[in-house]
Amino acid sequence: MAQDFSFDVVSKLDLQEVENAVNQANKEIQTRFDFKGSISRIDWDKKEALTLFSDDEHKLKSVIDILQGKFSRRGVSLQALDYQKIEPAEKATVRQAVKMKQGIESEKAKAIVKAIKEAKIKVQATIQGDQLRVASKSKDDLQATMNFLRGQDYGLPLQFTNYR
């Protein structure tokens, strides 16, 4: 009997790296000359949302640039960030919520499964909650599927885990 090989397609963030990036960004904001006397900062709820505060929209854009730089240096994908609209806050300041996407939504999962089927690779893709399981009798087909998915853009970072 032939053995099936499989791997999982997931979209997760390393929360420790996110915390390190946020701490580094806050430290840089405190020490930079152009933020002297500013209330600019980044708050994180330790789960899935960041809140950026600043004096005006121009400084808020600088805070976003600092945050994105720290994220990319730490290997956290910028595709996982979903920026909400800028809103006014207390004392004539502005804030912006940033949601961090984790897991694969069912619509995107269906689109990924459909793309795998249209690629005519001999694998079985099944949706399991917020991740996908791809199984095949051939390791080469699994490698081809991984390469195919790396070449696609689904608007979220994909990782391949649990390779058996």
Side-chain angles (χ1 to χ4, degrees), residues 5-32 35 40-54 57-87 94-119 121 123 125-136 139 141-164:
F5 301 103
S6 67
F7 68 89
D8 294 336
V9 180
V10 297
S11 179
K12 296 190 180 187
L13 292 175
D14 184 354
L15 296 180
Q16 183 62 49
E17 291 297 333
V18 171
E19 182 176 10
N20 291 339
V22 168
N23 289 340
Q24 285 181 344
N26 274 327
K27 193 176 286 188
E28 182 174 333
I29 289 168
Q30 291 171 358
T31 58
R32 274 184 42 169
F35 286 109
S40 300
R41 70 180 191 281
I42 302 169
D43 290 344
W44 184 42
D45 70 356
K46 306 284 186 195
K47 291 180 187 165
E48 59 189 35
L50 296 167
T51 308
L52 313 175
F53 295 94
S54 194
E57 288 188 31
H58 178 68
K59 283 189 179 177
L60 186 66
K61 299 251 185 265
S62 296
V63 170
I64 292 171
D65 289 343
I66 292 169
L67 181 67
Q68 288 178 345
K70 299 300 179 189
F71 268 37
S72 57
R73 276 192 213 109
R74 290 234 158 272
V76 179
S77 176
L78 297 178
Q79 287 183 323
L81 301 177
D82 182 20
Y83 294 94
Q84 307 300 307
K85 73 175 199 160
I86 298 172
E87 49 193 42
V94 293
R95 75 172 159 238
Q96 184 173 21
V98 181
K99 292 184 180 173
M100 294 186 289
K101 298 183 244 179
Q102 295 223 61
I104 302 173
E105 301 164 357
S106 62
E107 294 84 28
K108 293 214 189 236
K110 289 176 187 174
I112 293 171
V113 170
K114 182 178 176 187
I116 290 172
K117 286 183 181 179
E118 288 175 354
I121 303 171
V123 295
T126 56
I127 300 171
Q128 297 181 337
D130 64 349
Q131 66 184 20
L132 296 173
R133 165 114 350 130
V134 180
S136 176
K139 286 185 179 180
D141 289 341
L142 292 180
Q143 291 289 336
T145 305
M146 284 184 193
N147 289 331
F148 171 73
L149 290 175
R150 282 187 188 111
Q152 305 299 311
D153 181 24
Y154 295 103
L156 56 131
L158 296 177
Q159 295 92 28
F160 307 107
T161 62
N162 209 11
Y163 188 78
R164 294 187 226 132

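When a residue number appears, it is its place in the shown sequence, counting from 1.
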- Result for salt bridge (charged side-chain N to carboxylate O under 4.0 Å, His left out) between Glu19 and one of Lys47, Arg74, Lys46 points to Lys46
- Item | Beyond-backbone contact of Asp14 with Val76, side-chain heavy atoms, under 4.5 angstrom | no
- Item | From Ile121 atom CD1 to Asn147 atom CG, the distance as rounded to the nearest 0.5 Å | 9.0 Å
- Under the 3.5 angstrom rule, does the side chain of Lys108 hit a backbone N or O of Tyr154 as a donor-acceptor pair? yes
- Task: With the side chain counted from C-beta on, respond yes when Arg41 and Ile29 share a heavy-atom pair under 4.5 Å apart, and no when they do not.
- Result: no
- Item | Contact check, side chains of Arg133 and Asn162, non-hydrogen atoms, under 4.5 Å | yes
- Interatomic distance, Lys139 atom NZ to Gln143 atom CD [nearest 0.5 angstrom]: 9.0 Å
- Message: If you compare all heavy atoms of Leu156 against all heavy atoms of Gly103, which two are closest, and at what distance to 0.1 Å?
- Response: CD1-O, 4.2 Å
- Message: Could you check whether atom CD of Gln152 has more than 12 heavy atoms from other residues, nucleotides or ligands sitting under 6.0 Å from it?
- Response: yes
- What distance separates Asp8 CG from Leu158 CG, expressed to the nearest 0.5 Å? 12.5 Å
- Under 4.5 Å between any side-chain heavy atoms of Val63 and Phe35, yes or no? yes
- Any chance CD of Glu48 has more than 12 other-residue heavy atoms, nucleotides or ligands included, within less than 6.0 Å? no
- Task: Run the salt-bridge test on Glu87 and Arg95 with the 4.0 Å N-O cut-off and return the result as yes or no.
- Result: yes
- Query: Can you name the residues that form a salt bridge (Lys or Arg N to Asp or Glu O under 4.0 Å) with Lys85, not counting sequence neighbours?
  - Reply: none
- Task: Verify, without hydrogens or angle tests, whether Gln159 (side chain) and Lys12 (backbone) share a donor-acceptor contact under 3.5 angstrom.
- Result: yes
- What are the two closest heavy atoms between Lys101 and Gly155, and how far apart are they? NZ-O, 3.1 Å
- Might you work through the side-chain contact (heavy atoms from CB on, under 4.5 Å) test for Asp141 and Val134, ending with a clear yes or no? CA-CA 10 Å; Asp141 289 341; Val134 180; over 6 Å; no
- dist Gln131:CD -> Phe7:CZ (nearest 0.5 Å) comes out at 11.5 Å
- Work out which heavy atom in Ser40 is nearest to a heavy atom in Ser54; give both atom names and the distance. OG-OG, 2.7 Å
- Rounded distance (nearest 0.5 Å) linking atom CE of Met100 with atom CH2 of Trp44: 5.5 Å
- At their closest point, which heavy atom of Ile112 faces which heavy atom of Leu132, and how far apart are they? CG2-CD1, 3.3 Å
- Phe53 versus Asp43, closest heavy-atom pair with distance: CE1-OD2, 3.1 Å
- Give a yes or no answer on whether the side chain of Lys70 reaches the backbone of Glu28 with a donor-acceptor pair at less than 3.5 Å. no
- How close do Gln79 and Pro157 get, heavy atom to heavy atom, and via which atoms? OE1-N, 3.6 Å
- Item | Qualifying residue, where the test is side chain to side chain contact (heavy atoms under 4.5 Å, CB included) with Phe71 and the options are Leu13, Ile66, Asn20, Leu81 | Leu81
- Query: How many angstroms lie between CD in Gln24 and CG in Leu67, if you round to the nearest 0.5 Å?
  - Reply: 11.0 Å
